[in-house]
Amino acid sequence: MSSMKNPRIIGTIAVIILLGLTPLAFAQENYAMRVITVGMCAAIAVYGLNIILGFTGQLNLAQGGFFGIGAYGVGLLTTDYDWSFWAAFVVSVIGTAVIGYLCGLIALRTKDEYFAIFTMAIGFIIFLVISRWEPVTHAHSGVNNVKFPEGGGLIDFESPVAIFYLVFAILLICVYTTYAIRRSSVGRTLLTIRTSEDLADAIGVRVGFSKQLAFAASAVFGGVGGGLYATVVGFIGPDAASIDKTFEFLMFILVGGMGTVAGPLLGSMIVTFLFELFQDFQAYRFIVLGPIIVALVIFAPRGIVGYLGGFVDKRNRRRRAEEARGPDDDLDSTGASTSGGTGDHHARNIADGTESGAGRTGDTPSSEETK
Amino acid sequence: MLTLDNVSTGYDATNVLHGVSIKANPGELTVVLGANGSGKTTLFRTVSGLMRVRAGSITYEGRQLHRARPNAVVKAGIAHCPEGRHLFGKMSVEKNLRLGSYPHRNRSRTEEVYAEVLDMFPILKEKAKQPAGSLSGGQQQMVAIGRALMSDPSLLILDEPSMGLAPIVVEQVLESVAQINRNGIGVLLSEQNAKASLAIAHRGYVLAEGRIVLADDASRLLDNPEVQAAYLGL
Amino acid sequence: MTMLEIRDLGKRFGGLDAVKDVSLDVEAGQITAVIGPNGAGKSTLFNLVHGFYRPTAGTISFKGEDITHSSPHRTVAGGIARTFQTTNLFDDSTLLENVLAGRIVRSKSNVFDAVFHTPRHRRESRINEDKAMEALEFCGVVEYRHDLASNVPQEVQKRTAVAMALATEPELLLLDEPAGGIPEEETVDFGNLIRSLPQRGVSVLLVEHKMTMIMDLADTILVLDHGQKLALGAPAEIQSNPDVIRAYLGSTAQEEN
Amino acid sequence: MTLFIQQLFNGLALGGVYCLAAIGLTLVFGVLRIPNLAHGALYMLGAYITYFFLTTVGVPYIAAIGIAAIMLFVVGVGLERLVFHPLRNSPHTHHMIAAVGAMFFFQALAQAIWGADFRRMDTPITGELRILGAEISAQRIVIIVTAVIVLALLALFIKRSIHGQTIEAIEQDRVGASLVGINPSMVSMLTLGLSALLATIAAGLVAPINLLSPTMGDALNLKVFAIIILGGLGSLPGAIVGGFALAIAETMTATYISSAVGEAVAFIVLVAVLAIKPNGLFTKAVQR
Amino acid sequence: GGGGGSGEGDTVVIGYTGPLSGGGAAYGENVKIGLEMAIDDLNADGVEVDGNPVTLELKSLDDKYAPSTAASNAQRLADQDKAPVVVSPNAGAIKAIQQINSGRSNFLISAYTSDPAIVQADNPLTMMIPPNFESYAEEFSETAMEHGGKKLALLGTQSEYGQQWTESITDAWSEAGGKIGGDNSVDYATVSDFAGPVSKALSEKPDAIFVGGPSQPTALIMEEARKQGFKGSFLVMDQAKLDEMATVTKLDNLKNSVGVLPVSEYEDPGTEDFLKKFAEKAGEKKVPTSETALNYQGIAIIAKAMETAGTTDDPEKIREAISEALPEVDGKYKVNGFPDEITEQGHLLNPNLEATFLNEDGKYTKVPIEQVSDDK
Ligand SMILES: Nc1ncnc2c1ncn2[C@@H]1O[C@H](COP(=O)(O)OP(=O)(O)OP(=O)(O)O)[C@@H](O)[C@H]1O
Ligand SMILES: Nc1ncnc2c1ncn2[C@@H]1O[C@H](COP(=O)(O)OP(=O)(O)OP(=O)(O)O)[C@@H](O)[C@H]1O
Ligand SMILES: [Mg+2]
Ligand SMILES: [Mg+2]
């Protein structure tokens, strides 16, 4: 198919291959392997966030909480109850799905900022439960010696490389699922909701139901990421479920690019790397990192992938649009080609964002009397 | 007098207006005709500062306006009733209208114009306390026109004011526009009904693909065979 | 055959009867128009039929089935599509993507089909693409299919809105001022588009303020005023109805004659 | 019974703290439509600057708060110009992350300047009042009274004055607002400045009953968000009622159930309220 | 890296991961100062391993109190900087680090926490520095009962450590025949106004109150309690230091309290010099705490163990050598109750552990403490 020639897909595949090969370079470097593997666990949760935020446009601030539920599920079941990792993993993910679904039932009655803060409250309640429910979660003492996945005598997951590839494989599934969703009618459904719920409603989209599913799916990814995280790091404390985790995820997705296939992965890796890089500054690192975060958001608002993809898309669209209009429609094609040719050059200089304070047209579609 | 000299502008990568020059004399009613997408709205948005001028200049009564922000343009006396209305949906109709007088904030003048607006659109009296967003499409259009009037402008820009209005109200609105103009307020108008608008206008411009292709007195445009063919359905 | 049957429909907002005691039969294969002064309740009527609003009185049935309380996605799935008074498209998407969105309601494949790339998924993708293209073509905007919705002229947007509605494969199409913002002189083409809908098996319920167009297209006209029926009949009757002239048409009526 | 009355007053004082901290946030939310997560950091910065002038420079208490408030106004304006203004056409997510970045920056900055150690700020307002057997310090009374006065004045300003209405107008349609002559950029700037100023007044009043540390704003941040959402975004009466209600709920549950529940109660109430009224308590349900 | 422990003029990195930003930053800084002071002094004295002079170097990383970050940091310190020793000052972080220090990477944890769970883990490469906190409960209870009465209110902090203390005090107090009210623990870090929790605790009319978290908020709670009319005695958890508390509240508010002995009250051979050097480094206003002093001792012990073991890069050997090295440590490094033995599990034990009672005259009187066993 022609989509195979799409530079975005090529780029995504390149990133994945590169990542897949890192153990070759770093197999002996426990630290590097650890940072990358933990980063990939986060990336999985970020793919969840991508579904609800990137596709559906709902800012879910409970993702850290779901990550924590996954992590504690695996952590507690493999230690206090001595389950096998795999059983614990499956049960925790199902548990996260159920909790996510239930939270979604209420959460999705709210909209926009209310939804964001509502989910933030849910996330915080999850955190409080984990950090206060001593008898079950051991509160601040955390969960020690989380089991490694059982390799059934074939693979020894205690080896950093083996566990790397386990997480990597699951991450691949997430990336592919995201890709598949994006180009299917399911993805289109979610995207219509992001743009306008009213209009989506009008063309027969089951808005509530779809949002509900997206929310649950996002929670599931969070749980998967958390479950893997627990086994990778071996010890988990309440910080695994904290609101800081959520903001970390958000940072990853924003830097990478919301609603894109490769964005969450790239963002997770780059920001993780950036954070480690600045560790040498200790307490002062945020004097530098803070402004960097702000600058990234301002100057690359669509994230790295969005930024690169934007060029590709624009070019493709223009080419296709001109092709489509074709030569049979003389009047139109002349008009289009003049504006396409000269306008482009013009725009570069002017698109510096200093448009008049009022913003653009598309900003505030005057909402009609429709509900 | 409003003068646009060689104004070019556009959205993102594409230019929409290509060196447009027009003049609107004080107190006159100037109409801009043009097919869909010819750039009328863009032209108006440029005048009121909602869009940046990429080349050329705009002056009004001797003042440079091409770098002015919308709020400064209103203060200079140009009110714009935009396509898409841009009302404050959750505020009452009355508040919407009264906010229109923000540039001058002259109490007695506010009351005067407010009464005039309610006279022009009696239905708004009934709806005064209702959120503007809950009004019907046409009623909202009335609020938008009224709000523009409230700033007590010397030049009023109306972008398809009759959009979505019932035929009987369209007549009435055009009549009101003529009346407003007779009271000495300049009007810059784009209107679907070319014939009716030319009938009340002093001067007219024809815009095609972002360029002025015809500029003449309104009466002469009415007789112009090209215009008749393209816009008057004759 | 009666496609849509509205009986004694009412909708109150606070103390206001936006729609009251309205009854209407929309016949299959016909174009039925609803006109009336601003605020007469036309859009509200549409919202009621489509399921955006819950009626406070009365019933609606479609092809003999009661849909008074059904939600929008059910009504759309059942075969009623609509457009909005202010054009409403997904601005950041191309026209083709917009119209494809209209196909969602007819898509059966789910996430698993997408992930596993099942034959059903592939078949459906192809059908969706074909139908979307067909709708675009039918509405005469196919050459703009790769342009962003926010970048095309209003008329193209209006036509795309119709194409998007058609992509849901409706039997009844509700058009709320489809030609708003299009100069009177240019509405002829647009009228032709609407006129051709019944031949496609799509009945039309139309709200419009452009009298030339209405008189030209409509088989039956319902006139609303203050939420209530003012008149119902063929265009010629309506045009000469003194009540309608006084409340709505004004002098245009004479002109048309 | 004395316990109940004592806790009621403690709850009221805590409510005053919450309200004072929340007003600026609601205002910013009203105008810029952004959840300013850096609000707690502004509050913290305000406290430190007040501390600096009070303790290090040695100006009187009220004057120290005044100077700090003005300085923070400038910081707020700067924050709007440098961070939020460039983002005015972006989705909320971007603001939130940018605000988190700004918060990191302010915290690190404060730690670099004043160190990580807790600091104590003294107040000239001393003494206790006995009301119905309950002991309550004068500082807390001042907090309650200031909170109520500031909130009432602001509510009046927004509802009555045309300047206040500009804030509402911008919230509802930026283009429309600029077309009636409002300068949205200016209003945004002033609003953020004002919110930082109010946060400083809050911090100056509250810091003496607690401690200064670079992270002092964090704990308040989450609660304050719960409050403004509970009351309905941008609603000042909502902020008042929400602030006092949550504070009293918190003290009472902590007293009669358990402190862990007390800590969570704000969020539990929030979840419960939003489940029933998805737009908060004080938003008029406007049909569009 | 400095892999070759027997090269000449080698630099050995001592790793440190602790909270240097966020809520725990002050605590993390205190530990860091102790490490820096020790390393400065040791380098000045000269460390010689296997006949070669060795320079110690501190490399610190911030973990914001998050265990998983602490573990990553530790791994980084061990892998990239080849640190044979990593210092960590909180139990959660230490548990996370214990997941990696004896498997994938090899390094000694210098653990600054009084939670015995970290030695119960049987990690062969952990050295626990402070006394087991459970040692205090009995003496604290007895002392407080002597000066007050039988009814105790609980008002400790909600951290992991605070909760363990609360439990331990609860047991000891009941054993000593006292009565205990409800658990009013609050999170000292997030509470905006302490008046509420204090009122609640006082409503039970207690004779003594258990308090404790970071020094400053603890002081505030005690002040609030006194303001609301509490006259009894306080049991102050070891995280809070009475002398540090005296910098934020009047000494009057603190009287009649039992807590850990301030560093300045120790009479070890090195204490006086240590206090002077500390004042030079951190300023006159800052109060030296046991976090600083005990970690100062800890590094000195490790350096001596390296010398004894004759290696800087074999953590197992270093750990083994500690026992032998303890008596060899120079007196100047003995500042805050120096240990004379290390248990098999890795716990440094000070033979004469003492706490203090701050009496009505504002004088510190010593209270001898008997150390409990680390076993569960
Ligand atoms: N926000 C936008 N982004 C990109 N292109 C736009 C935007 N708005 C309008 N255009 C394009 O600019 C051109 C001029 O549009 P404009 O709205 O000014 O025309 P108009 O004469 O007012 O038409 P109408 O009669 O439909 O109102 C059109 O080709 C349109 O597609
Ligand atoms: N959500 C609502 N809340 C309150 N009143 C409403 C609401 N929606 C509509 N109305 C009122 O109901 C009446 C009918 O409105 P509707 O939009 O149906 O009119 P319309 O016939 O479509 O008018 P137009 O031709 O101007 O679009 C109007 O008076 C309007 O103010
Ligand atoms: Mg236009
Ligand atoms: Mg309507």
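By convention in this document, chain letters (A, B, ...) are assigned in the order of the sequence lines, proteins followed by strands, and residues within each chain are numbered from 1. Being a predicted model, the structure only gives us computed values, none of them experimental.
- A donor and an acceptor atom, one from each side chain of D:Q7 and D:T255, are located under 3.5 Å apart.
- If you measure heavy-atom distances from D:R140 to chain E, the contacts under 4.5 Å come from the side chain alone.
- E:L20 touches chain D through its backbone: at least one of N, CA, C or O sits under 4.5 Å from a heavy atom, while the side chain does not.
- In terms of heavy atoms, E:K151 sits closest to E:E204 at NZ-O, 3.0 Å.
- Of the listed residues (D:V17, D:I136, D:N210), the greatest number of heavy-atom pairs within a distance under 4.5 Å of chain E belongs to D:N210.
- Residue E:V86 forms a side-chain contact (heavy atoms from CB on, under 4.5 Å) with just one option from E:I94, E:I14, E:T17, E:L61, and that option is E:T17.
- When heavy atoms are compared at a cutoff of 4.5 Å, D:F9 does not approach chain E at all.
- D:L220 touches chain E through its side chain: at least one heavy atom from C-beta onward sits under 4.5 Å away, while N, CA, C and O do not.
- Ion pairing between a basic and an acidic side chain is recognised when a charged N comes within 4.0 Å of a carboxylate O; E:K286 and D:D117 show such pairing.
- Neither the backbone nor the side chain of E:A201 comes within contact range of chain D, judged by heavy atoms closer than 4.5 Å.
- At a threshold of 4.0 Å, the pair D:E250-D:K223 counts as salt-bridged, since one of the basic side-chain nitrogens sits closer than that to a carboxylate oxygen.
- Taking all atoms of both residues into account, the shortest heavy-atom contact from D:V83 to D:A98 is CG1-CB, 3.6 Å.
- Residue contact with chain E, scored on non-hydrogen atoms closer than 4.5 Å, is absent for D:Q107.
- Heavy atoms of D:S213 lying under 4.5 Å from chain E are absent altogether.
- Considering only heavy-atom pairs separated by less than 4.5 Å from chain D, the leading option among E:A189, E:S199, E:A219 is E:S199.
- Under 3.5 Å, the side chains of E:Q228 and E:E224 contain a donor-acceptor pair of N or O atoms.
- In this structure, a donor-acceptor pair under 3.5 Å is present between the side chains of E:D183 and E:S185.
- When each of E:A25, E:S203, E:G229, E:G196 is checked for heavy-atom pairs under 4.5 Å with chain D, E:G196 comes out on top.
- Interface remark: E:V191 contributes backbone atoms only to the contact with chain D (heavy atom separation under 4.5 Å).
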